[in-house]
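Because the structure is predicted, anything quoted here is derived from the model rather than measured. Residue indices begin at 1 and follow the sequence shown.
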Amino acid sequence: IRPANFHTPAGHVRILRWLSRLGYCLLGTPLLNYVAQEIVPWNGKTKTCNKRLPVNRRIQKYRERAYGHSYEHHSATPPIRVIFAIVSRWGPGDFYAQVNRQVVSFNLVTKGNMHFRQGSSRGKVSPGELFIAHKGKNQRFETGDAGFLHKRSIMVQGIALDALLQVTGLNGLDRVSFENPTGITNLFRRCYRLLREKPPGFTSELFLLACAMINECFQSGAVKYPPPVHAAIEFMEQNLKRNPQLPAIAAAAGLSVRNCARLFSLHLRKSPRSFFIDLKMSAAKTMLVHSALNISQIGNEVGYDDPFH
């Protein structure tokens, strides 16, 4: 091995293999065990490393290809923006951890499997399933018991994203399963190609792809919400200018007040009143950024006569 390559990830792997062969020839398995368990190949471009690999298992170095785009120079930015598209291949022991995430990411597993922790939730994501890493939460995802993981990821942000995730109920889901993952896989591939090639008008197409992706997740995860909850949400959206009380919301959904509050707490993790206020605030934020209305006019549109409210 040439000395110039010692400090590169490829050099680390070569050193590991050379020492493993040398130990096997001279000392048998003891040195091989030590090398396989104690020497940690590190990729300086990522936050991922292979820790304590099982003996005699081939080392699969973490590989990642990512393309992104900054919207700072755009005079008008889409309400939902795809800022990164990533294709990853992880080996045994690879992981990624983040505290208080600031950007939502959608992660589609294509091969292998992945274990995740998000807040107090834990689970496994299999091929054809999608993991949503939510903003404001602590996460850790790692290679699962299959020993390898291939996944596609996109990072999304925008003024309308929080409201859309809330209305579709995706803000309460960690994992989404698809009966036919071909459609969602093609959307991920198209996002990756657009950010890699950046053809004219690609940001507008990325916005449409992000909306289509959220819609695919919503259609697959819609069974999580019973029809009365959907009816209550639609009633709220149609009455943003008014301030209907809980009995009126419950009646529109065909529920008693008690059952309406229970279903919202179970499926949305919020009371009906809190959810309605969040809808109003999300609509106000969208109008504030993407319309020419002043504060008083926006307040009237969401049912607040006093602009200082």
Side-chain angles (χ1 to χ4, degrees), residues 8-10 43-48 60-91 94 96 98 101-114 125-135 139 141 143 148-165 168 170 175-176 178-220 286 289-290:
T8 65
N43 186 339
K45 297 182 180 179
T46 69
K47 298 181 180 179
T48 306
Q60 182 174 356
K61 186 181 63 174
Y62 179 98
R63 289 183 291 172
E64 181 177 272
R65 297 194 303 272
Y67 294 94
H69 181 69
S70 174
Y71 292 78
E72 295 179 355
H73 61 282
H74 289 255
S75 57
T77 59
I80 299 178
R81 305 185 298 276
V82 179
I83 59 174
F84 270 102
I86 307 167
V87 175
S88 305
R89 293 185 177 183
W90 292 8
D94 286 342
Y96 180 79
Q98 187 165 3
R101 170 179 285 275
Q102 298 300 310
V103 178
V104 176
S105 73
F106 295 86
N107 305 272
L108 179 68
V109 174
T110 55
K111 292 183 181 180
N113 54 30
M114 179 179 77
V125 186
S126 301
E129 295 183 336
L130 180 141
F131 169 70
I132 305 176
H134 291 290
K135 190 167 60 175
Q139 292 114 12
F141 26 102
T143 304
F148 70 101
L149 168 65
H150 294 184
K151 67 182 180 72
R152 291 179 174 270
S153 307
I154 64 165
M155 297 184 182
V156 187
Q157 62 182 196
I159 189 66
L161 180 62
D162 292 341
L164 191 55
L165 292 178
T168 56
L170 296 178
R175 180 179 56 196
V176 180
F178 303 91
E179 293 184 2
N180 183 8
T182 303
I184 192 73
T185 303
N186 290 335
L187 293 176
F188 271 87
R189 288 175 175 169
R190 182 59 180 164
C191 286
Y192 181 83
R193 287 197 297 268
L194 286 175
L195 282 173
R196 181 185 62 192
E197 300 169 4
K198 294 183 172 59
F202 75 98
T203 56
S204 298
E205 187 174 352
L206 283 174
F207 165 66
L208 297 177
L209 288 172
C211 293
M213 194 174 300
I214 292 174
N215 183 59
E216 286 278 343
C217 295
F218 167 69
Q219 296 296 332
S220 298
T286 302
V289 173
H290 298 284

> Could you walk me through whether F202 and L195 pass the side chain to side chain contact (heavy atoms under 4.5 Å, CB included) check?
Replying inline: CA-CA 8 Å; F202 75 98; L195 282 173; 4.2 Å; yes
>> The criterion is side chain to side chain donor-acceptor pair (under 3.5 Å); which residues satisfy it with E205, sequence neighbours excluded?
In response: R190
>> Measuring from atom OH of Y67 to atom CZ of R193, what distance do you get when rounded to the nearest 0.5 angstrom?
In response: 13.0 Å
> Hey, is the main chain of L149 close enough, under 3.5 Å, to the side chain of T143 for a donor-acceptor pair?
Replying inline: no
>> If you apply the rule side chain to side chain contact (heavy atoms under 4.5 Å, CB included), what do you find for F106 with I214, and how did you get there?
In response: CA-CA 9 Å; F106 295 86; I214 292 174; 4.2 Å; yes
> Which heavy atom in F178 sits nearest to a heavy atom in E216, and how many Å separate them?
Replying inline: CE2-O, 3.8 Å
>> Counting only heavy atoms from other residues, nucleotides and ligands, does the tally under 6.0 Å from CZ of R65 exceed 12?
In response: no
> Roughly how far, to the nearest 0.5 Å, is CZ of R175 from CE of M114?
Replying inline: 10.0 Å
> Going by heavy atoms in the side chains, are I184 and L108 under 4.5 Å from each other?
Replying inline: yes
Scan the side chains in residues 127-134 for donor-acceptor partners under 3.5 Å anywhere in the protein, sequence neighbours excluded, and list what turns up.
{"unit_1": "E129", "atom_1": "OE1", "unit_2": "S126", "atom_2": "N", "d": "2.9"}
{"unit_1": "E129", "atom_1": "OE2", "unit_2": "S177", "atom_2": "OG", "d": "2.9"}
{"unit_1": "H134", "atom_1": "NE2", "unit_2": "L170", "atom_2": "O", "d": "3.3"}
{"unit_1": "H134", "atom_1": "NE2", "unit_2": "L173", "atom_2": "O", "d": "2.6"}

> How long is the span from the CE atom in M155 to the CZ atom in R81, to the nearest 0.5 Å?
Replying inline: 14.5 Å
> Where is the tightest heavy-atom contact between I80 and A210, given as atom of each residue plus distance?
Replying inline: CG2-CB, 3.8 Å
>> Using a 6.0 Å cut-off, check whether atom NZ of K198 has over 12 heavy atoms from anything other than its own residue.
In response: yes
> Is a donor on one side and an acceptor on the other found under 3.5 Å between the side chain of S220 and the backbone of C217?
Replying inline: no
>> Using the rule given for side chain to side chain contact (heavy atoms under 4.5 Å, CB included), can you reason through F207 versus T203, listing the C-alpha separation, both sets of side-chain angles and the distance that settles it, and then say yes or no?
In response: CA-CA 6 Å; F207 165 66; T203 56; over 6 Å; no
>> For V156 versus I154, what's the shortest heavy-atom pair and its separation?
In response: CG2-CD1, 3.7 Å
>> Show the nearest heavy-atom pair for residues R101 and Y96, with the distance to one decimal.
In response: NH2-CE2, 4.0 Å
> So, for S88 and I86, which heavy atoms are closest and what is the spacing to 0.1 Å?
Replying inline: OG-CG2, 3.5 Å
>> Test of understanding: with side chain to side chain donor-acceptor pair (under 3.5 Å), list the residues that count as partners of K135, not counting sequence neighbours.
In response: D162
> Looking at residues at least two apart in the chain, or sitting in another chain, which of them share a side chain to side chain donor-acceptor pair (under 3.5 Å) with R152?
Replying inline: none
> Residues two or more places apart in sequence or in another chain: which of them pass side chain to side chain donor-acceptor pair (under 3.5 Å) with S204?
Replying inline: none
>> On a heavy-atom basis, which atom in F218 and which in T168 lie closest, and how many Å separate them?
In response: CD1-O, 3.2 Å
> For E197, does the CD atom sit with more than 12 other heavy atoms under 6.0 Å from it, leaving out its own atoms?
Replying inline: yes
>> Measuring from atom SG of C191 to atom CE of M213, what distance do you get when rounded to the nearest 0.5 angstrom?
In response: 4.0 Å
> Are N107 and V125 close enough, and set up right, to give a side chain to side chain contact (heavy atoms under 4.5 Å, CB included), and what steps lead you there?
Replying inline: CA-CA 10 Å; N107 305 272; V125 186; over 6 Å; no
> With distance as the sole test, does N186 use its side chain to make a donor-acceptor pair with the main-chain N or O of T182 at under 3.5 Å?
Replying inline: yes
> Between the side chain of T110 and the main-chain N/O of H150, is any donor-acceptor distance below 3.5 Å?
Replying inline: yes
>> Quick test of your reading: applying side chain to side chain donor-acceptor pair (under 3.5 Å), list the pairs with at least one residue in residues 70-80, sequence neighbours left out, ordered by first then second residue.
In response: H69-H74
>> Measuring from atom CZ of R189 to atom CG of L187, what distance do you get when rounded to the nearest 0.5 angstrom?
In response: 11.0 Å
